[in-house]
Protein chains: 2
Amino acid sequence: MTPYTELEKAELEALREKLLARYTAFQEKKLTLDMTRGKPSPAQLDLAMAMLTPDISSEYRSPAGLDCRNYGGLDGIKEAKTLFAEYLGVADDEIIVGDSASLKMMHDTIMGALVYGVVDSEHPWGKLDAVKFLCPSPGYDRHFAVCQYLGIEMITVGMDAHGPDMDRVEELAAADPAIRGIWCVPRYSNPTGTTYSTAVVDRLASMAAAAKDFKIFCDNAYAFHHLSTDHEPQKNMLSACKEAGNPDRVFLFGSTSKISFAGSGVAMMAASRRNIEYILSKMQFQTIGPNKLNQLHHVLFFQNVAGIEAHMRKHAAILKPKFDAALDVLDQELSGSNIASWSRPKGGYFISIDTLDGCAREVISKAAAAGVKLTPAGATFPYGKDPQDRNIRIAPSFPAVAEIKSAMELVAICIQLVSIERLQSRN
Amino acid sequence: MTPYTELEKAELEALREKLLARYTAFQEKKLTLDMTRGKPSPAQLDLAMAMLTPDISSEYRSPAGLDCRNYGGLDGIKEAKTLFAEYLGVADDEIIVGDSASLKMMHDTIMGALVYGVVDSEHPWGKLDAVKFLCPSPGYDRHFAVCQYLGIEMITVGMDAHGPDMDRVEELAAADPAIRGIWCVPRYSNPTGTTYSTAVVDRLASMAAAAKDFKIFCDNAYAFHHLSTDHEPQKNMLSACKEAGNPDRVFLFGSTSKISFAGSGVAMMAASRRNIEYILSKMQFQTIGPNKLNQLHHVLFFQNVAGIEAHMRKHAAILKPKFDAALDVLDQELSGSNIASWSRPKGGYFISIDTLDGCAREVISKAAAAGVKLTPAGATFPYGKDPQDRNIRIAPSFPAVAEIKSAMELVAICIQLVSIERLQSRN
């Protein structure tokens with residue numbers, strides 16, 4: 001394909017008219033497709049249905065003999081701690097297994113930091129004049145929403161193929177003591193699909209931070225969420241922090257929302273023993289404990305990390321064709337046009353598209369007008385503001401392959417139409 | 001029985017020696033009984049086992065057609081809201097149904113009030129010089145622990161047969177704008193078993209409060225937890241607040257911890273629509289939603305409030321003999337002695353004993369030395385300090401009837417021994 005920037009005026013206009021006809025044809029189809037969120041499809045949820053059948057669901061006594069129907073167990077049942085400690089690559093006493101929402105654990109951890117500080121704080125964060133978080137972007141909108149809700153100032157930092165722009169992260173963290181945290185999704189970042197390189201992880205773990213209670217909020221949401229057997233190792237952030245002599249620097253989070261059931265999974269957080277003890281010392285006043293039956297049923301269903309891995313291969317078998325379908329359309333429609341680039345993730349839940357500057361919002365609204373809802377423009381950036389207005393997050397997990405093809409064709413048409421209009425207006 | 005205060009010196013000493021021999025005999029039995037907490041017994045938990053069998057546990061689609069395995073539904077599934085709204089006596093849109101721990105909902109509500117204020121606050125409570133709560137006592141130790149943890153000053157208020165000492169509550173609430181809340185367990189108060197009279201509920205709802213964002217934290221933990229068909233009506237606190245023109249004054253809390261499974265039930269909070277909307281506007285940043293499968297399974301198991309009532313009659317059939325056994329021992333051992341009084345609850349999970357002033361701590365420690373652990377002395381008062389050192393909370397739900405008889409005999413012996421020694425030392 002000739003890059004659109006090199007097309008003659010007439011060629012561009014002819015192309016635009018052809019695309020407009022295709023767009024109009026789409027409008028007439030009256031699609032109603034929602035690709036806004038990374039939701040598992042029913043077929044994926046079906047994979048864990050054995051957890052709800054009597055061999056597992058009727059069990060209430062843990063292997064250690066605990067009656068999971070009764071009160072107690074602030075940090076989760078022993079067997080769940082063992083399973084998910086291995087899952088997150090930490091020791092059994094470095095984890096708290098909770099209810100279903102890891103986002104709630106993240107929120108509660110930051111809320112606690114504001115009201116009480118973290119284990120190595122001199123003052124509660126809420127007493128400081130300003131609290132700032134580094135936000136590698138594009139990133140996860142709900143992370144940013146928590147910060148905005150809690151009044152934490154967000155500083156956008158770029159992402160490259162290896163993770164956050166570490167030169168910038170190091171410069172900022174060393175200079176400004178108001179910076180108390182950074183959001184990280186170390187594997188298959190939402191939405192770029194980036195896996196942090198070992199060098200990036202080591203730099204995050206060892207860099208100088210002006211705030212001595214600086215914390216990495218490491219949301220390992222896609223730890224085992226590969227699309228195939230082709231994937232790189234991802235260095236454990238807690239191990240790296242220990243090696244660097246900063247064992248208390250990181251909180252790891254994870255959940256089975258995209259492993260078992262999205263609304264009814266098990267969430268977990270891990271950290272150094274010192275961090276965990278501090279958190280439990282607060283948590284004992286807040287709750288009596290999590291749903292232990294659900295934890296037990298997860299343990300009985302998965303058995304061990306190999307069980308989780310085997311299960312995730314079944315997810316991959318469902319997800320891979322959907323990602324491939326979306327990427328095929330992008331390749332066919334846009335390859336060589338020089339008006340967009342997109343990620344080819346090895347896992348996770350998203351494809352990230354970058355358009356020409358200043359096009360994303362209009363593409364998304366054009367797609368919506370023809371029946372395909374995408375994640376709102378800007379959502380992948382702090383304060384919902386994409387400074388270049390170019391990032392589009394595609395969530396191909398939920399719809400069927402045929403729907404994805406259709407939706408992506410429309411998205412590609414919209415990208416071309418908006419881009420061509422931009423190019424035309426430049427002349 | 002002759003009141004011990006009227007016994008001759010020699011009679012008292014003879015009685016003491018007999019009791020001492022019985023106490024020594026108990027020590028030799030080497031009991032190990034834990035009556036510290038209001039835990040359901042396995043037989044009670046067994047009553048809900050059908051929820052874990054496939055007719056119910058394999059269901060994942062709500063009656064309204066929602067796939068409860070997937071994301072979404074911040075305030076719970078529609079059917080759970082309908083069921084538990086009726087359970088708490090509120091409208092369907094006046095409730096949030098959550099995960100298992102109502103304590104967490106209470107904590108989060110107060111934490112939110114500190115950081116953001118409640119719907120009618122001028123300032124976040126955390127910005128005030130002092131925040132105080134009225135704490136009718138004896139009361140629930142975990143309520144008081146939340147206040148202490150969050151730095152809320154607790155003011156102890158007495159309880160009588162109709163609920164909190166309302167003259168005192170009204171006087172304090174009207175005078176001190178720092179008083180922002182009151183803890184209430186309106187039915188079968190922990191530990192006294194008191195059901196608030198309609199007059200008390202109406203006074204709480206209508207009284208003048210110096211703080212215009214004063215809130216009643218009404219923990220309706222034992223709403224349907226009767227021990228028999230003999231029970232009084234209990235006026236709904238939200239209805240009362242609406243009638244009094246203070247619809248936003250109350251937060252109601254409840255849970256199925258002592259209905260279905262103590263560790264894996266469903267918790268809920270209810271309030272005016274204005275309060276609920278405010279809370280949801282904050283909650284959307286904190287979590288994606290509760291475990292909807294568990295909510296669905298509760299709905300399918302109980303069907304309706306009549307189903308809950310029928311279920312609670314089965315609980316009563318298990319609990320009533322335990323309460324009767326404990327009360328029988330107290331009657332036999334202590335009736336007429338004038339050294340102790342105790343509640344005869346019509347529901348709930350506790351018997352509350354008041355000894356002579358200054359005896360409770362020693363009784364509890366004496367019982368522990370012979371193998372029966374009771375709720376720690378002072379636990380039923382703010383800051384763990386019983387000003388008269390006289391209240392003992394008995395939790396008869398978990399042990400078997402024979403164990404309860406044995407434990408209560410020991411408790412009665414300890415009460416007599418400590419009381420007699422007090423009487424002797426006065427002479």
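Chain letters run A, B, ... following the sequence lines, proteins first, then strands; residues in each count from 1. Note: hydrogens, waters and symmetry copies are ignored here, and every other heavy atom, side chains too, is used.
Comparing B:Lys282, B:Glu59, B:Met106, B:Met51 by heavy-atom pairs within less than 4.5 Å of chain A, the highest count is held by B:Lys282. For the set B:Ile110, B:Asp108, B:Val115, B:Leu293, the count of heavy-atom pairs under 4.5 angstrom toward chain A peaks at B:Leu293. Heavy-atom pairs under 4.5 Å with chain A were tallied for B:Lys104, B:Met111, B:Arg37; the largest tally goes to B:Lys104. For chain A, the option among B:Asn294, B:Val146, B:Leu45 with the highest count of heavy-atom pairs below 4.5 Å is B:Leu45. Ranked by heavy-atom pairs under 4.5 Å with chain B, the first of A:Ser100, A:Ala101, A:Ser58 is A:Ser58. Each of A:Asp67, A:Thr53, A:Ile288 has some count of heavy-atom pairs under 4.5 Å with chain B, and the biggest count is that of A:Ile288. Per-residue heavy-atom pair counts under 4.5 Å with chain B were compared for A:Ser257, A:Cys68, A:Gly289, and the maximum is reached by A:Ser257. The choice from A:Gln148, A:Gln284, A:Met49, A:His297 that makes the most heavy-atom pairs within less than 4.5 Å of chain B is A:Met49.
In this structure, no portion of A:Asp55 lies under 4.5 Å from any heavy atom of chain B. Both the backbone and the side chain of B:Pro42 have a heavy atom closer than 4.5 Å to some heavy atom of chain A. Only the side chain of B:Asp99 comes within contact range of chain A, with at least one heavy atom under 4.5 Å from a heavy atom of that chain. Contacts between B:Gln44 and chain A at a heavy-atom distance below 4.5 Å are absent for every atom of the residue. With a 4.5 Å cut-off on non-hydrogen atoms, B:Asp141 does not touch chain A at all. For B:Ile56, no part lies near chain A; criterion is any non-hydrogen pair under 4.5 Å. Of the atoms belonging to A:Leu114, not a single heavy atom falls under 4.5 Å from chain B.
Taking the six-membered ring where tryptophan is involved, the planes of B:Tyr149 and A:Tyr116 are essentially parallel, since the angle between them stays under 30° and well short of 60°. Note: B:Phe302 and B:His311 have perpendicular aromatic rings, judged against thresholds of 30 and 60 degrees for the angle between ring planes.
When side chains are defined from C-beta on, B:Thr380 does not count as touching B:Tyr140, because their heavy atoms never get closer than 4.5 Å.
The two residues A:Ile318 and A:Ser41 come nearest to each other via the heavy atoms CG2-OG, 4.1 Å. The two residues A:Gly38 and A:Lys258 have their closest heavy-atom pair at O-CE, 2.9 Å. Between A:Glu79 and A:Ala64, the shortest heavy-atom contact is OE2-N, 2.7 Å.
Stacking of B:Arg393 on the aromatic ring of B:Phe350 is recorded, both the 6.0 Å distance cut-off and the 45° axial limit being met. A cation-pi arrangement, defined by a distance under 6.0 Å to the six-membered ring centre and an angle within 45 degrees of its axis, is present between A:Arg69 and A:Tyr60.
Aromatic ring centres of B:Tyr188 and B:Tyr349: separated by at least 6.0 Å.
Side-chain atoms of A:Lys292 come within 3.5 Å of backbone N or O of A:Asn70 as a donor-acceptor pair.
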